[in-house]
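Reviewing the structure listed below.
Chain A is the first sequence line, chain B the second, and so forth, proteins listed ahead of strands; every chain is numbered from 1. Model, not experiment: these values are computed from the prediction.
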Protein chains: 2
Amino acid sequence: MGKIKETSTHFSNKEALENDCHEVYASNIIGGQWSIAICCYLIAGKHRFGELKKRLPNITERMLTLQLRKLEENKIVKRTVYAQVPPKVEYELTEIGLELGPIIKELGKWGEKHKVVCDSTTT
Amino acid sequence: MGKIKETSTHFSNKEALENDCHEVYASNIIGGQWSIAICCYLIAGKHRFGELKKRLPNITERMLTLQLRKLEENKIVKRTVYAQVPPKVEYELTEIGLELGPIIKELGKWGEKHKVVCDSTTT
DNA sequence: TCCCATACTTACATTTTTGATAGTACCTTA
DNA sequence: TAAGGTACTATCAAAAATGTAAGTATGGGA
């Protein structure tokens with residue numbers, strides 16, 4: 001996630017797809033390596049930056065920041081900064097972010113089932 | 001989507017996340033540039049390769065092939081080859097693929113709503 | 001005075017995904 | 001004999017996502 005090149009074919013394809021398919025639009029919002037994992041924790045409630053970092057063992061601060069910024073831009077999470085030293089910042093889901101909760105959970109259930117089905121037919 | 005490097009940090013992070021989060025597991029399966037769009041059409045029924053290509057105007061044959069192969073590997077779609085010339089190949093959702101249908105539709109509804117909310121607060 | 005904790009930022013390297021372009025096989029029909 | 005239609009594959013290049021490593025600010029406490 002650096003700057004994107006708005007003249008690339010990739011970019012315009014993505015935009016075009018988003019525009020005539022809400023499903024794709026939605027998946028682009030929550031589809032980063034860590035986005036869904038972050039959401040899973042936030043569904044359970046508010047978290048500080050450092051707490052999220054602990055729960056996502058291998059994430060770098062850079063990636064956590066990037067993903068949170070993206071979620072914030074998309075109004076999925078709300079960021080609250082406390083004027084303290086050392087700093088304290090809390091992240092929580094917005095209203096529309098919360099509405100994503102049940103869908104993500106359904107997806108999780110499906111994933112669990114899928115894993116079983118797939119494993120059994122492979123072996 | 002070429003060969004992946006199974007020794008990379010990225011790879012092992014992804015695997016670790018998948019293993020303790022079914023939601024992430026699921027999202028990795030359906031999260032490619034075109035996967036959800038393809039699924040959307042297949043939810044409506046069987047399609048030939050060329051039909052999908054027409055419906056996804058800017059997709060290259062390469063990408064369509066890659067995505068379909070990935071979906072097939074993950075047992076989301078079933079591929080049927082007819083021994084004809086010129087060739088005819090049909091793609092359809094499997095049972096577990098069909099179960100994804102309602103979830104994708106919910107995601108679509110959410111996306112539609114999100115778009116409205118986000119646009120109104122931005123302007 | 002110096003170190004600490006927290007939540008970042010910056011610059012660069014690597015890996016992964018996607019795109020562009022050309023080619024393949026095969027039988028049918030003209 | 002040649003062209004056409006379908007579903008691909010192969011190679012190379014570009015772009016995007018992620019990872020690594022180091023640095024920043026600030027006030028409080030030792």
Side-chain angles (χ1 to χ4, degrees), chain A residues 1-17 24 27-38 47-54 56-72 77 79-91, chain B residues 1-18 24 27-38 46-54 56-72 77 79-91:
Chain A
M1 303 184 73
K3 320 263 167 172
I4 55 171
K5 197 163 181 177
E6 308 203 349
T7 54
S8 71
T9 310
H10 181 36
F11 177 79
S12 56
N13 280 352
K14 217 167 168 181
E15 243 194 357
L17 263 181
V24 172
S27 115
N28 283 343
I29 290 180
I30 56 169
Q33 168 85 73
W34 308 87
S35 295
I36 285 195
I38 293 173
H47 280 78
R48 294 184 58 178
F49 184 88
E51 287 170 345
L52 287 172
K53 195 178 134 191
K54 266 179 226 152
L56 300 161
N58 293 323
I59 200 170
T60 60
E61 302 192 336
R62 175 183 139 77
M63 281 315 293
L64 184 51
T65 304
L66 282 175
Q67 302 278 352
L68 284 169
R69 288 284 181 284
K70 184 184 165 193
L71 290 170
E72 199 191 348
V77 311
R79 181 168 174 259
T80 311
V81 183
Y82 295 86
Q84 307 179 356
V85 170
K88 173 178 172 183
V89 180
E90 280 183 340
Y91 293 91
Chain B
M1 306 183 70
K3 321 262 166 172
I4 55 173
K5 197 163 182 177
E6 309 204 347
T7 54
S8 70
T9 311
H10 181 39
F11 178 79
S12 56
N13 280 353
K14 215 165 166 182
E15 242 193 359
L17 262 182
E18 270 189 16
V24 172
S27 114
N28 283 344
I29 291 181
I30 56 168
Q33 168 83 78
W34 308 88
S35 295
I36 286 197
I38 293 173
K46 227 181 260 194
H47 281 78
R48 294 183 59 176
F49 184 87
E51 288 170 344
L52 287 172
K53 195 178 135 195
K54 266 180 225 152
L56 300 161
N58 294 322
I59 200 170
T60 59
E61 301 191 337
R62 174 183 140 76
M63 282 315 293
L64 184 51
T65 303
L66 282 175
Q67 302 279 352
L68 285 169
R69 288 284 181 284
K70 184 183 164 193
L71 290 170
E72 198 191 347
V77 310
R79 180 167 176 262
T80 312
V81 183
Y82 295 86
Q84 307 180 138
V85 170
K88 173 177 171 182
V89 181
E90 280 183 340
Y91 293 92

Donor-acceptor pair, side chain of A:S35 and main chain of A:G31, under 3.5 angstrom: no
First encountered from the 5' end of DNA chain D, between A:G31 and A:T7: A:T7
Heavy atoms of other groups near B:K53 NZ, more than 12 under 6.0 Å: no
Contact nearer the 5' end of DNA chain C, comparing A:K14 with A:T65: A:T65
B:Q33 and A:N13: side chain donor to acceptor below 3.5 Å: no
Test item: side-chain donor near acceptor, B:E90 and B:T80, under 3.5 Å: no
Rounded interatomic separation in angstrom, taking CD from B:E61 and C1' from C:dT21: 11 Å
Nucleotide nearest B:R48 when distance is taken to its side chain, options D:dA16, D:dT18, D:dT6: D:dT6
Residue B:F11, side-chain heavy atoms: nucleotide from C:dT16, D:dG5, D:dA16 that is nearest: C:dT16
Sugar-phosphate, base or nothing in reach of B:T9, heavy atoms under 4.0 Å: sugar-phosphate
Which atom of A:I36 lies closest to which atom of A:I30, heavy atoms considered: CG1-O, 3.5 Å
Integer-rounded Å distance: D:dG19 P and A:L64 CG: 12 Å
Sugar-phosphate, base or nothing in reach of B:S8, heavy atoms under 4.0 Å: sugar-phosphate
Closest to side chain of B:K5, choosing from C:dT16, D:dA16, D:dA7: C:dT16
B:P87, nearest nucleotide to its side chain (from D:dG5, C:dT18, D:dC8): D:dG5
Whole-Å gap separating P (D:dT6) and CZ (B:R62): 23 Å
Rounded distance (Å) that lies between atom C1' of D:dT18 and atom CD1 of B:I4: 14 Å
N or O in side chain of B:Q84 less than 4.0 angstrom from D:dG5 OP1/OP2: no
Atom pair distance, as rounded to whole Å: CG in B:L56 and P in C:dT18: 13 Å
For atom CG of B:N58 and atom C1' of C:dT18, their distance in whole Å: 13 Å
Nearest-neighbour nucleotide for the B:V85 side chain, C:dC27, D:dA7, C:dT18 considered: C:dC27
Touch class at under 4.0 angstrom, heavy-atom based, for B:Y91 against every strand present: sugar-phosphate
Closest-nucleotide ordering on DNA chain C, the 5'-leading residue of A:P86 and A:N13: A:P86
Whole-Å gap separating C1' (C:dT18) and CD (B:Q33): 7 Å
d(NZ, B:K70; P, C:dT16) in whole Å: 13 Å
